[in-house]
Amino acid sequence: MHRRQFLKTSTAAIAAAGVGTSPWRSALAQSGPIKIGLLAPLTGVVASGGKEMVEGVQFYLDQVKSEIAGRKVELVIEDDASNPDTALQKARRLVEQGNCHMLIGNLLANTGLAVANYVKGTGTPYFIPIIAADDLTQRQRIKNVIRVAGYSASAFTHPLGDWALKQGYKKIATVSQDYTFGHEQCGGLAQVFTEGGGEIVQQFWHPLNTADFSPYLGQLADLKVDAIFAMETGADATRLIQQYSSFGLKAKTPLLAAMNGTDQSVIRTLGEECEGIIAPAHFAEGSDNPVTQKFVKEYEAKYGKIPSLYGFSMYSGVMWVAEALEKMGGKAEDREALIDTVLKTELTGSPLGKTVKLDSYGNPIYDVQIRKVVKRPDGKYWNVPVTSYPNVSQFWTYDPETYMKQPPYSRSFQGIKKA
Amino acid sequence: MTTIATQPALQSRTFAGMTGRAVAVAAIVIAVAAALPLVLSNYQVGLATEILIFGVLAMSIDILAGFAGRTSLGHGAIFGVSTYVVVYATAQAGLSPATSFALGIAAATLVAVVFGLLAVRTSGVYFLLLTLALGMIVWGICLRWTQVTGGENGMRGDVRPEWLVSHRAFYWAVLAAASLVSYAMWRFVRSPFGLTLLGIRDSESRMRSLGYNVSVHLFVGFAVSGFFAGVAGALYAMFNNFVSPSTVALAQSVEGVLMMIAGGVGTLFGGFVGAAAIIALENVVSSYTERWQMVLGITFILIMIFTPEGIIGTLRAMLKRKER
């Protein structure tokens, strides 16, 4: 009834205003559901994260009964198989065959970049709550690729570098997976930390899916540093944290991690070896903010686990698009307007318990929480904020123009200031 | 349909080395293929383009596997090198699409030459392992040489020239290219040189005692096959406007080999049938279940058990039985 009523009024409105040459047609085009194409890795190396992405989206759509701005929402889920070629093919399928009004999702940066390059040609709005590649909201921005409820990789490690300085750390060593996401997170920390007078003693880069960290841990133990920063995702994170502890390093050197290193998807399966690790992020499931607590509790009740960043980000991402659509009366067909509205929309319902808005480059501005892994009364571990950096820009305190003149972080450029 | 075109030509040659019947069949197949975009949706045209490209890759593998008895697991890497070079040349170096295309094929041929030099001394499982290892080296380089290849993230760029941007135009261009190289490959395997390869496949020692230089023949065969894989790779660069290490990964080589086997080893044109079967299956099944890889696996096992000669091979055998 609701939809029919909406249709009636909108048809009348359009006809009355005389918008377009064939008002009845545009009304007709709008009668169908809003089609959202969701790309998630349901198979391949990051399949477990992909499933939580789908959960996050469905969790939101269930809450709004699959209806946004009075229109039904049709969610089309495709598996990107953790592979950029497959992701590209599935994106084509969703846009060209599925006639989706927008795409959302992808987990691995390479899949996201492949899809971004494709939608650059088609103009389809593409939302990336998980893809963190810095340059998508910096040097190589594509207008219809928007990081709603996402984050750029180095945005959270900049404040971590500052926090490390405040702890009095002088020397830090890093160990990281050897790919762009790792380069960017390490670079963010290294730049701020060295510019503030700290020293990056050594950086270890290891291939993805490293089973045995002992060669690195042995060398790390000999370095006599004040803290070690680890940038690990998925199974690598689990293994590093376990081996860090069993090597006896945990008792000696504090471990700092990238946000993904202590994400629920990792520490859910861990015991006390993960306790005390520090990691920066916008979302802390152990925050005492009542809005966050409500979200965590409901999610836990539904899926039987504390939400991970994947679930949280996709949930917030869809909510962001939904809030924009509400503003524009659900006209998902109008891509230009949708993109502009999303860019201007400030997310009010975020589980962060605070309004989030995008900067002029399409990257969200968050309060970055420095989080510590602690044990909950029921024995599960979660991230609790220790301190917070309000309104952190992806450019930290640098001037965007100057910042973007320096090369993107890579294995060879870590922004390290020569002493 | 294409089976007939691959029948040994005992009849007198009439046109460009093809019998009248073969010309007719080829003309009909190409005409039907050319008419496809008129009835298919844009997305399906995209799929058809992909099928043609992978068909060429599968055929290039078939030159070695079906006609020289050497199954290569390194062709995905050769294919991908061409893709990488084309994307790099257009997006990073700013060269024209035509130059990039030529460079890509040249690079792939060069890689095939190196592979060939190392691999032709071996056969059977050793050849398989050696080409696999060489392919892994290429993959490793693409993954780790971040400054040039973009590492895990790969490279993007507008590779396709302006006049090929539409789905249909590009499909027709790929169809033209695929027809041309298919014809070239078909001529190649039926040439005296190709027949020598067949001889080597059947009995290496006999060919050697007849005075043929087996290594040189295999080496040239490998290089030629690499050239055709390079053509497919260059087309793929234009298709995707994107390349990442997954394009040179082992999975790519395996997929090419599987397409060839599904179509029929030694049938050459089976490559297209295999590519069509696998790409279609992937697309249909994956939209119904996330366990699509399992379904694919089972399908391969069933193909191996029931039609070990592949789709084309089996059809051809059935036709023969009928004629008798």
Side-chain angles (χ1 to χ4, degrees), chain A residues 40-44 47 50-51 54 76-99 108-118 120-122 131 133 135-136 140 142 177-184 205 207-208 407-408 410-413, chain B residues 40-47 49-50 53-54 76 80 83 87 91 140 143-160 165-167 236 239-249 251-252 255 279 282-296:
Chain A
L42 300 173
T43 55
K51 296 204 175 75
V54 176
V76 190
I77 303 168
E78 286 281 358
D79 173 20
D80 73 19
S82 315
N83 175 322
D85 296 76
T86 314
L88 200 51
Q89 198 187 53
K90 294 300 171 67
R92 283 198 193 103
R93 182 195 187 99
L94 288 172
V95 172
E96 291 166 20
Q97 179 140 308
N99 295 318
L108 292 173
N110 54 6
T111 55
L113 289 164
V115 176
N117 192 53
Y118 164 68
K120 191 166 79 174
T122 64
I131 308 296
D135 268 355
L136 279 177
Q140 292 169 20
I142 299 167
Q177 290 168 324
D178 190 7
Y179 71 127
T180 315
F181 187 49
H183 303 154
E184 289 177 343
W205 306 107
L208 274 90
S410 64
R411 206 182 329 150
S412 49
F413 176 77
Chain B
L40 296 182
S41 73
N42 263 347
Y43 172 69
Q44 289 162 332
V45 172
L47 279 188
T49 314
E50 206 174 337
I53 294 171
F54 280 100
T83 315
V87 175
L143 190 67
R144 299 278 293 187
W145 196 10
T146 317
Q147 291 90 332
V148 173
T149 62
E152 185 89 13
N153 283 352
M155 277 185 290
R156 288 152 301 285
D158 295 319
V159 181
R160 235 189 266 183
V165 166
S166 95
H167 283 74
Y236 194 56
F239 176 64
N240 265 356
N241 288 325
F242 169 80
V243 63
S244 78
S246 70
T247 308
V248 291
Q252 190 82 24
E255 194 163 73
I279 291 176
E282 261 177 20
N283 267 280
V284 174
V285 179
S286 71
S287 57
Y288 289 105
T289 166
E290 61 189 64
R291 304 238 176 274
W292 55 278
Q293 280 155 327
M294 206 167 87
V295 177
L296 273 186

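Letters A, B, ... are given to chains in the order of the sequence lines, protein chains preceding strands, and every chain is numbered from 1.
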- Query: Where on B:S246 is there a heavy atom nearer than 4.5 Å to chain A: the side chain, the backbone, both, or neither?
  - Reply: both
- Determine the option with the most heavy-atom pairs under 4.5 angstrom with chain B, choosing from A:N110, A:T180, A:T111. A:N110
- Residues passing the salt bridge (charged side-chain N to carboxylate O under 4.0 Å, His left out) test with A:D178, sequence neighbours excluded, are A:R411, B:R144
- Value rounded to 0.5 Å, distance of CG in A:L42 from CD in B:Q293: 10.5 Å
- Message: Taking every non-hydrogen pair under 4.5 Å, which of B:T146, B:V243, B:N240 racks up the most with chain A?
- Response: B:N240
- Item | Check: B:N241 side chain, B:R160 main-chain N or O, donor-acceptor pair, under 3.5 Å | yes
- Item | Contacts of type salt bridge (charged side-chain N to carboxylate O under 4.0 Å, His left out), residue B:E152, not counting sequence neighbours | none
- Task: Check whether A:S412 gets within reach of chain B through its side chain, its backbone, both or neither, counting any heavy atom under 4.5 Å.
- Result: side chain
- With a 4.5 angstrom heavy-atom cut-off, which part of A:N83 approaches chain B: side chain, backbone, both or neither? side chain
- Query: Does NZ or CZ of A:R92 fall inside the cone over B:F239's six-membered ring, less than 6.0 Å from its centre and within 45° of the axis?
  - Reply: yes
- Message: Can you tell me which portion of A:L113 sits under 4.5 Å from chain B's heavy atoms? Options are side chain, backbone, both or neither.
- Response: both
- Does the A:S82 side chain pair with the main chain of A:T43, one donor and one acceptor, at a distance under 3.5 Å? yes
- Task: Under 4.5 Å heavy-atom distance to chain B, tell me which part of A:E78 shows up: side chain, backbone, both or neither.
- Result: side chain
